Amino acid sequence: EPEYYKWNQWFFLRMLERGIAYKKKSRVNWCPKCCTVLANEQVVNGGYCWRHEDTKVEARDIEQWFLKITEYAEQLLDDLKTLEGGWPDRVIAMQRNWIGKSVGAKVWFEVEWTGEERGFTTEGAEGPQSLQRKDGERAQPGMAALREKIEIFTTRIDTIYGASALVLAPNHPLVTRLIAGTAEQAAREAKLAEMRRSSAKTEDIATAEKDGFFTGRYALNPFNGVRVPIWVGNFVLLEYGTGAIMAVPGHDERDFEFATKFGLPKLVVVRAAESKEKRKDNAEARSLQRSAEVGVQEAEEVFTEYGVSVNSGKYSGLESAAAIELMAADAEAAGYGKKEIIFRLRDWGISRQRYWGTPIPVIYCAKDGMVPVPDKDLPVLLPANPKLTGEGESPLATDPEFVNVKCPKCGGDARRETDTMDTFVDSSWYFYRYCDPRNDRAPYDPGKVKYWFPIDQYIGGITHAILHLLYSRFWCKVMRDLGLVTHSEPIARLFTQGMVLKGGLAMSKSKGNVVGAIDMAEKYGADTGRLYTLFAAPPEKDLEWSEESIEGAWRFLNRVYRLVEKHGSERGLATEGRVETQSSLGRGELTEKEKGLLRKAHETLRRVTQDFETRWHFNSAIAQIMELTNAIYAAEPLEEGVRPEVRREVLELLTLMLAPMTPHLSEELWEMLGHTKGLWTVSWPAFDAELAKEEEVEVVVQVSGRVRGKVKVAAGTGQDEVLKLAQAEAGVAGHLAGKRIVKVIFVRDKLLNVVAA
RNA sequence: GCCCGGGUGGCGGAAUGGCAGACGCUGAGGACUUAAAAUCCUCCGGGGAUUUUUCCUCAUGUGGGUUCGACUCCCACCCCGGGCACCA
């Protein structure tokens with residue numbers, strides 16, 4: 001509705017002002033079925049559309065709008081800590097994983113333009129000061145800076161003495177220039193084109209074989225001045241880090257694989273830290289380690305763990321963590337590197353080429369460029385009659401009335417932006433609007449939001465763990481920075497309910513495994529369906545739909561109905577608007593049978609209340625109610641020894657406890673019990689603790705922790721008494737015969753454990 | 001590979017330090033009925049002893065540990081599900 005999406009546009013303009021919303025051309029995910037771009041979060045199962053799980057997304061280079069969620073990466077990560085306890089662990093873990101923080105360093109390797117197939121060399125390996133500049137020796141045409149540097153990112157700067165190559169992503173902007181002017185330029189360009197083509201297919205990058213080629217150029221390792229060859233590798237991703245890595249084959253599995261294939265050296269620069277025991281008695285290992293410290297050694301296998309640096313100049317002997325710290329600091333001081341934290345999280349691409357979505361409120365003018373739509377012109381309305389061509393172009397673009405506008409700045413002819421916003425924009429803040437839905441001057445009144453927020457309890461499917469739930473957290477922080485809210489997290493407690501499966505799969509129309517809610521309601525009634533889904537499993541678990549089990553729920557409700565039908569006819573006893581508990585009879589006058597029933601009813605109420613309030617374990621609550629029903633049946637005929645007041649109280653409690661789960665049926669039962677006011681007018685009853693208490697309890701008797709008997713005693717009976725009775729029990733006495741009692745553990749009304757030796 | 005979650009009868013599940021399998025489904029047997037449906041009753045983890053009644057024993061993925069006592073807490077491992085992934 002325009003009354004709502006107007007405020008999406010308003011938020012967008014605020015973000016545009018702050019540089020949070022921006023437009024850029026980039027490689028994006030395109031779903032050919034949706035005919036639109038998707039955000040990274042909307043690509044699932046290694047490259048499929050989240051809505052069409054059988055459709056692979058394609059890579060396309062399109063100019064589109066982004067929201068700078070990455071600016072909030074650190075906060076989104078840090079604040080997850082405040083959600084612990086309130087949010088399920090797996091959702092927190094999934095978000096943490098998605099944000100993907102890596103602490104490391106960037107290092108700049110200077111390109112040596114003169115380099116050509118001279119192979120790997122360790123010449124001049126004596127520290128940073130020996131770094132030799134070869135500027136201008138062989139300048140290439142069109143080269144702006146001769147002192148070109150390649151920036152790499154690493155989490156293991158401590159392994160830099162083991163770098164035997166730099167590897168760039170095929171799409172790295174420098175690659176073409178590096179190749180230019182080298183001896184095998186043509187062959188290299190052909191290879192590069194081939195690699196770029198295959199990387200455009202999102203096919204199983206993770207399992208593809210390592211591939212790459214030498215560019216013909218070298219770069220200088222700033223730490224030791226060693227010349228390392230510059231390669232291009234298919235396993236290096238342009239999007240992550242700097243799009244370039246140092247290959248340390250001795251200490252990274254991918255680099256090891258790459259080096260094995262292309263014959264690069266594998267230097268050992270970290271060895272396992274000696275454990276104390278080893279240090280004592282493993283002289284052989286020690287001598288091996290000594291040899292590792294002498295000279296350059298070819299690694300036989302990859303060692304990726306932390307340990308102690310070796311063959312690393314002045315850093316040799318340092319533990320990995322210390323080496324990382326010191327080397328990053330040194331690099332920064334010397335000006336060839338710096339500490340850096342990077343995130344896996346990408347900015348949120350919100351442009352969609354769809355009709356359904358909020359129009360992005362900007363106008364392109366030949367004279368003024370991109371001009372935001374002024375607030376007073378909001379909302380930018382969707383055209384009423386779009387042409388839906390399915391051609392992959394935004395439906396808005398084909399509507400001249402929508403597209404052709406005057407520039408708000410100069411009044412000249414201009415064009416509207418025709419992309420619409422991702423619908424996840426709408427869902428990122430809808431709950432705030434609930435607090436103030438008719439406001440036409442602002443998205444909401446911050447005062448009203450302050451009263452209600454953050455949300456005490458939110459319920460949703462696990463499917464939104466890194467979509468809706470991440471975007472909403474981001475939106476909240478943006479609104480906070482706009483001064484609209486004072487909290488940083490929108491949702492205090494999150495509950496992720498399970499799915500209903502059929503044949504092991506989530507029900508979906510495309511799979512044809514849906515159970516029609518209407519068919520089911522016609523056959524059993526909606527309440528039976530409700531009761532079944534609640535009873536079959538606790539709510540956080542997935543549940544497999546079972547036709548047989550729903551019969552069970554149906555049978556149970558019929559049992560309850562028949563019970564009320566039979567005994568609910570004593571009209572005139574009903575008290576409107578509440579359950580008359582403990583009846584109007586004096587407690588002392590209750591018969592044994594009456595006491596038993598009332599006790600069971602109130603005990604059930606106690607446990608059901610607890611399940612509802614603290615655990616949401618509706619399945620065990622229903623089991624309790626079933627037990628109560630069974631107990632009432634067992635007490636039949638109720639006419640004998642149970643007065644109408646007591647019968648009614650028990651049946652009213654039964655009806656009330658069922659009401660949250662079977663509202664329709666309960667309403668009918670309530671009427672059958674003689675009430676004329678709706679059940680909804682009645683509040684949840686308090687259980688009578690006195691009544692719920694057992695008078696006689698069964699105490700379990702154990703001998704040395706094994707159950708050997710039981711004794712029935714009055715509630716509250718002391719240890720001595722119970723022990724005396726227990727010793728009289730044949731089964732217990734048999735196990736105690738000829739033994740000495742060492743210790744007695746007694747839990748009142750529950751257990752007696754006699755430890756005998 | 002990393003990160004989460006889980007593993008209990010034929011099945012869904014219950015028990016969060018104190019009688020393992022509540023409650024329900026399925027199955028078997030029985031009652032009612034001319035018959036069927038519905039309803040009601042009994043039994044239902046394995047092995048053994050006793051065969052009226054009960055008793056013993058094993059059993060909650062595997063192996064250890066803590067405890068008078070462990071499905072429950074701790075350590076190691078195995079398996080299943082999910083998320084992420086040539087993330088440097």
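Remember, it's a predicted structure, so these values are computed and weren't measured experimentally. Convention: sequence-line order gives letters A, B, ...; per-chain numbering from 1.
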Which residue lies toward the 5' end of RNA chain B, Ala93(A) or Ile745(A), if each is placed at its nearest nucleotide?
Ala93(A)
Gly552(A) near the nucleic acid: base, sugar-phosphate alone, or nothing, with a heavy-atom cut-off under 4.0 Å?
sugar-phosphate
Would you tell me if any nitrogen or oxygen in the side chain of Lys743(A) comes within less than 4.0 Å of OP1 or OP2 on C68(B)?
yes
Closest-nucleotide mapping onto RNA chain B: is Gly100(A) or Arg562(A) further toward the 5' terminus? I mean the 5' end.
Arg562(A)
Got a donor-acceptor contact below 3.5 angstrom from the Ser320(A) side chain to the Gly307(A) backbone?
yes
Could you check whether Lys210(A) makes a cation-pi contact with Phe235(A), meaning its NZ or CZ is under 6.0 Å from the centre of the six-membered ring and within 45° of the ring axis?
yes
If I take atom CG in residue Leu345(A) and atom C1' in nucleotide A85(B), what distance separates them, rounded to the nearest angstrom?
16 Å
Would Glu340(A) and Lys338(A) pass as an ion pair if we require N to O under 4.0 Å?
yes
Using atom CG of Asn97(A) as one end and atom C1' of C2(B) as the other, report the distance to the nearest whole Å.
8 Å
C1' atoms of A59(B) and U52(B), separation to the nearest Å
29 Å
Who pairs with C2(B) - Watson-Crick or G-U, where each distance is under 3.5 Å:
G83(B)
Using a 4.0 Å heavy-atom cut-off across all strands, classify Val236(A) as base, sugar-phosphate, or nothing.
base
Same-atom distance (P) from C3(B) to C77(B), integer angstrom
12 Å
At less than 3.5 Å, do the side-chain atoms of Lys710(A) and the base atoms of C19(B) form a donor-acceptor pair?
yes
Taking atom P in both C56(B) and U50(B), compute the distance separating them and give it to the nearest angstrom.
16 Å
Just N and O in the side chain of Arg555(A): are any of them under 4.0 Å from OP1 or OP2 of U26(B)?
yes
Between Arg708(A) and U57(B), is there a side-chain N or O to OP1/OP2 distance below 4.0 Å?
yes
Taking any heavy-atom pair under 4.0 Å as a contact, classify Gln624(A): base, sugar-phosphate, or nothing.
nothing
Quote, to the nearest angstrom, the C1' distance that separates U26(B) from G9(B).
12 Å
Is Asn630(A) touching bases, backbone alone, or none of the nucleic acid, heavy atoms closer than 4.0 Å?
sugar-phosphate
Can you check the Ile99(A) CD1 to C4(B) C1' distance for me, whole Å?
15 Å
Is the phosphate of C56(B) approached by Arg706(A) (side-chain N or O, under 4.0 Å from OP1 or OP2)?
no
Contact class for Gln702(A) (heavy atom, under 4.0 Å): base, sugar-phosphate, or nothing?
base
Closer than 4.0 Å, any side-chain N/O of Arg96(A) to the OP1 or OP2 of C3(B)?
no
Any donor-acceptor pair under 3.5 Å joining the side chain of Glu253(A) to the base of G1(B)?
no
Do Ser309(A) and Val269(A) come within less than 4.5 Å of each other through their side chains, counting heavy atoms only?
no
Does the gap between the ring centers of Phe618(A) and Phe612(A) come in under 6.0 Å?
yes
Whole angstroms only, please: what is the CD1-P distance between Ile462(A) and G6(B)?
13 Å
Over how many whole Å does the gap from Gln95(A) atom CD to C4(B) atom P extend?
15 Å
Please determine whether side chain to side chain donor-acceptor pair (under 3.5 Å) holds for the pair Ser620(A) and Asp611(A), giving the CA-CA distance in whole Å, both sets of side-chain angles, and the decisive distance to 0.1 Å.
CA-CA 7 Å; Ser620(A) 60; Asp611(A) 274 344; 2.8 Å; yes
Does His735(A) reach a base, just sugar-phosphate, or nothing at all? Heavy atoms under 4.0 Å.
sugar-phosphate
Rounded distance in Å between the P positions of U51(B) and U33(B)
39 Å
Contact class for Arg607(A) (heavy atom, under 4.0 Å): base, sugar-phosphate, or nothing?
nothing
Interatomic distance at C1', C71(B) relative to G61(B), whole Å:
12 Å
Find the distance Phe535(A):CZ to G12(B):C1' and express it as a whole number of Å.
8 Å
Applying a 4.0 Å non-hydrogen cut-off, can you work out what Val707(A) is touching in the nucleic acid: base, sugar-phosphate, or nothing?
sugar-phosphate
Have a look at Pro88(A) and say if it touches a base, only the backbone sugar-phosphate, or nothing, with a 4.0 Å heavy-atom cut-off.
nothing
So is Lys266(A) actually on top of Phe256(A)'s ring, under 6.0 Å and inside 45° of the axis?
yes
For atom C1', what is the distance between U62(B) and G7(B), given to the nearest Å?
12 Å
Rounded C1' spacing from C86(B) to G65(B) in Å:
41 Å
G46(B) glycosidic conformation (syn if within 90° of 0, otherwise anti) is anti
